[in-house]
Novice: 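Pasting a structure below so you can have a look.
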Amino acid sequence: MEERMVYMASSKSLLFRSPPIQYESLVGYLIRMAELNRYPHMSWIGNLAGVNLTEETLSKMSTRLDRLATVVGASAEEMKSLCYYVSAKGNNLHVILSMGEIIPKQYLYWPSQRVCFSCLREKGFVSGLWDLKAVTHCPEHGELLREACPACKEPVIFNRGRVAPCLPGCQHNGEGRECSDSVQALMQLISNKFLGTNFDLTEFGFPKQIVDGDLYMLLQTISFLAMRSWRGEGDIDHGWLEARPETMIEKMDHASGALVNWPSGYFKFLDDICAGKGAPNGAIVMHWMFGGFYKSLVAMQKRLQFLFDGLQDYMNDRLKGQLLTDRGSPAILNTRDRRTYMPGFVARKQLGVGRQEFKRLVDRNFLQSKMFHTSYGDIVCVHRDSVREYGQIKERLLGRHELSQELGISLHSLYTLGVGNILNAFHSPEKDGWPQWYYDRQVVDEWLHSLRKLAKPSRVGRETLRLSEAVAAYNKQGASYCRLFHACKEGALSLYYRKKDDENLLSCFHVDRRQVRNWYLSHA
DNA sequence: CTCTACACCTCTTCCGAGAA
DNA sequence: TTCTCGGAAGAGGTGTAGAG
């Protein structure tokens with residue numbers, strides 16, 4: 001019995017064998033084997049293995065791989081490597097890709113009956129990539145995938161016995177390149193994600209999000225951009241299903257053009273759909289298509305965030321000299337305000353300042369401002385970067401009462417530090433006409449840090465004075481914090497550091513009692 | 001497609017409350 | 001007292017939905 005099984009198995013294997021070629025499709029491999037063994041149809045190999053290879057049962061093929069492997073004489077591993085997608089169990093609507101990703105089945109022909117004739121002639125194989133609907137052109141030759149030979153008109157059927165479907169004697173060698181650079185690059189990007197090829201696409205400048213993202217995201221992006229008749233919140237996978245192959249070529253051209261050289265390609269794409277024709281130099285006159293595009297994009301925002309962000313960048317770019325307001329268009333900036341220039345109202349809210357302070361910030365150039373002519377008249381808007389920068393500084397601002405307490409010196413001493421150019425205020429009446437004094441905490445910290453670096457650890461037994469004591473003791477000789485700090489900096493006095501004292505930030509700094517006395521006497 | 005009611009946006013001015 | 005903030009009100013404006 002055992003021997004008979006072995007005999008049966010060996011009798012049902014092919015005479016001529018050949019290992020799979022890299023990136024070959026499973027069906028394509030069987031076709032190639034059929035041709036090698038002079039079988040008129042690849043389904044004959046299925047018959048040998050007891051597997052029904054009709055179109056309807058193809059999805060189950062992956063479960064019969066071992067039987068097919070025995071017949072064609074390939075290892076189970078080799079056979080598995082040909083399965084770029086398998087149907088998910090109990091889920092007829094999705095397929096699992098070899099990388100583990102799951103995508104709707106509608107993105108695939110099952111299997112494809114379209115081929116690149118250049119590939120057939122040059123490499124003698126059927127690529128697994130051609131099963132993807134989004135692949136309209138061969139990534140390598142840029143040739144259109146066809147359902148029939150353009151020379152002998154013989155149609156490509158999947159259950160054929162020869163890799164090339166042509167009639168005997170047909171010498172058609174492929175058409176060569178038939179698409180733009182951008183379409184071919186997009187095909188290569190799909191190929192990299194689906195087959196794992198390594199086309200170098202850096203020069204085409206695809207957005208990072210789809211280069212790094214998964215295949216499904218790329219397919220959805222293409223599907224979305226290729227629609228070109230956006231009808232609100234339709235299903236993105238759906239809009240594409242109905243696309244007829246002949247319209248796909250043009251759609252692909254649009255989609256790939258939008259994705260290469262990000263974001264300028266996308267901007268041109270948006271120009272086409274957003275700006276009405278004949279608008280005065282660069283001004284945006286919304287085209288009717290824009291509404292549908294925008295609504296669909298909002299519906300897809302979670303998945304295709306970069307397209308949404310790109311749209312906002314586009315608005316900013318095209319409206320450089322004009323102002324983009326929130327008014328009447330609540331949705332466009334609700335999600336994420338990325339206007340280059342924002343109205344004063346918005347900036348004030350973000351900074352938490354009132355009108356007077358805002359006006360001062362603009363007048364003193366803390367906020368980069370620009371006048372815009374709008375329907376309300378001329379209004380002042382400010383650059384978002386300057387708002388962000390000042391917002392960060394504002395968080396660090398410190399009133400002078402607070403600072404003098406922290407440092408343990410009087411308000412007047414703090415003032416003299418400013419006069420002596422030791423510690424300058426960020427805002428002050430003298431410097432920029434601010435009614436209050438404010439110091440930048442970061443500047444204060446840097447100053448204290450530099451003092452600490454200057455100071456030496458105090459040795460036990462050395463008679464030292466705190467700075468405040470030194471100032472008090474030699475006040476009549478003209479002592480001031482200012483002069484002490486300058487002397488320390490120039491090296492005339494040594495500064496000591498005692499960790500124990502931490503009543504306030506300056507109390508840990510000491511000077512030598514004798515040194516400071518001599519120093520004052522010599523200067524008196 | 002056009003018209004209209006509506007929701008919503010942002011400006012200015014005025015005013016009261018609270019902090020320095 | 002002076003300065004600042006923020007709410008209310010009024011004015012002017014725009015996109016959208018729905019009806020016709």
Side-chain angles (χ1 to χ4, degrees), chain A residues 229-234 270 273-277 279-280 283-299 301 308 311-312 314-316 318-319 321-364 366-367 369-384 387 390-391 393-395 397-407 410-412 414-415 418 425-439:
Chain A
S229 60
W230 299 272
R231 296 219 181 79
E233 306 180 11
L270 289 174
I273 60 159
C274 288
K277 306 292 175 235
I284 289 196
V285 178
M286 290 302 167
H287 192 271
W288 59 269
M289 233 191 319
F290 177 74
F293 177 77
Y294 180 71
K295 269 206 233 166
S296 305
L297 195 49
V298 168
Q301 198 187 341
F308 192 84
L311 178 62
Q312 288 191 322
Y314 167 82
M315 300 294 260
N316 284 331
R318 289 294 186 266
L319 288 169
Q322 298 166 54
L323 174 68
L324 180 60
T325 74
D326 234 347
R327 187 170 62 190
S329 171
I332 198 160
L333 296 168
N334 263 356
T335 339
R336 202 155 137 214
D337 186 350
R338 294 185 11 153
R339 282 172 288 185
T340 312
Y341 280 91
M342 58 173 86
F345 176 80
V346 178
R348 285 200 297 112
K349 277 269 189 267
Q350 283 190 16
L351 288 174
V353 298
R355 291 177 196 94
Q356 293 182 53
E357 189 171 346
F358 178 74
K359 188 169 182 305
R360 214 160 45 216
L361 286 170
V362 170
D363 289 347
R364 305 284 189 282
F366 287 108
L367 297 179
S369 67
K370 194 172 167 182
M371 291 295 280
F372 287 93
H373 308 289
T374 72
S375 45
Y376 325 114
D378 294 357
I379 61 168
V380 174
C381 292
V382 288
H383 200 281
R384 69 177 309 102
V387 172
Y390 187 76
I393 291 170
K394 188 168 182 283
E395 276 178 19
L397 287 184
L398 206 56
R400 62 172 173 168
H401 290 275
E402 204 181 337
L403 180 61
S404 69
Q405 265 175 12
E406 278 187 23
L407 292 177
S410 70
L411 279 178
H412 180 256
L414 187 58
Y415 174 76
F426 189 80
H427 288 311
S428 74
E430 289 167 14
K431 189 184 161 205
D432 50 22
W434 232 255
Q436 271 103 37
W437 292 71
Y438 285 104
Y439 291 80

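Only this structure's heavy atoms are used, side chains among them; waters, hydrogens and symmetry mates stay out.
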Novice: For A:K359 and C:dT4, what is the distance between atoms NZ and C1' respectively, to the nearest whole Å?
Specialist: 15 Å
Novice: Do you know which two heavy atoms are closest between A:Q436 and A:P429, and how far apart they sit?
Specialist: O-CD, 4.3 Å
Novice: Parallel under 30°, tilted from 30 to 60°, perpendicular over 60°: which one fits the rings of A:Y390 and A:F366?
Specialist: tilted
Novice: To the nearest Å, how far apart are A:L398 CG and B:dA20 P?
Specialist: 14 Å
Novice: A:H427 has an atom NE2; how far is it from atom P of C:dC3, in whole Å?
Specialist: 17 Å
Novice: Between A:K431 and A:F426 (side chain of the first, backbone of the second, donor and acceptor by atom type, cut-off under 3.5 Å), is there such a pair?
Specialist: yes
Novice: What is the distance, rounded to the nearest whole Å, between atom OH of A:Y438 and atom P of B:dA19?
Specialist: 14 Å
Novice: State which of B:dC11, C:dT4, B:dC14 makes the closest approach to the side chain of A:R360.
Specialist: C:dT4
Novice: Find the distance A:K349:NZ to B:dC11:P and express it as a whole number of Å.
Specialist: 11 Å
Novice: Can you figure out which of C:dA8, C:dC5, B:dC11 approaches the side chain of A:R355 most closely?
Specialist: C:dA8
Novice: Is the shortest side-chain N/O distance from A:R348 to OP1 or OP2 of C:dC5 below 4.0 Å?
Specialist: no
Novice: Pair A:V382, A:L361 - check side-chain contact (heavy atoms from CB on, under 4.5 Å), show working.
Specialist: CA-CA 10 Å; A:V382 288; A:L361 286 170; over 6 Å; no
Novice: What is the distance, rounded to the nearest whole Å, between atom CD of A:E402 and atom C1' of B:dA20?
Specialist: 14 Å
Novice: Report the distance from atom CH2 of A:W437 to atom P of B:dA19, rounded to the nearest whole Å.
Specialist: 24 Å
Novice: Tell me the interatomic distance from A:Q350, atom CD, to B:dT10, atom P, rounded to whole angstroms.
Specialist: 12 Å
Novice: Where the side chain of A:V346 is concerned, which of C:dT4, B:dT10, C:dG7 is the nearest nucleotide?
Specialist: B:dT10
Novice: Could you tell me whether a side-chain N or O of A:R400 sits under 3.5 Å from a main-chain N or O of A:W437, the two making a donor and an acceptor?
Specialist: no
Novice: Does a nitrogen or oxygen in the side chain of A:Q356 sit under 4.0 Å from OP1 or OP2 of C:dC3?
Specialist: no
Novice: NA contact type, A:Q436, heavy-atom cut-off 4.0 Å: base, sugar-phosphate, or nothing?
Specialist: nothing
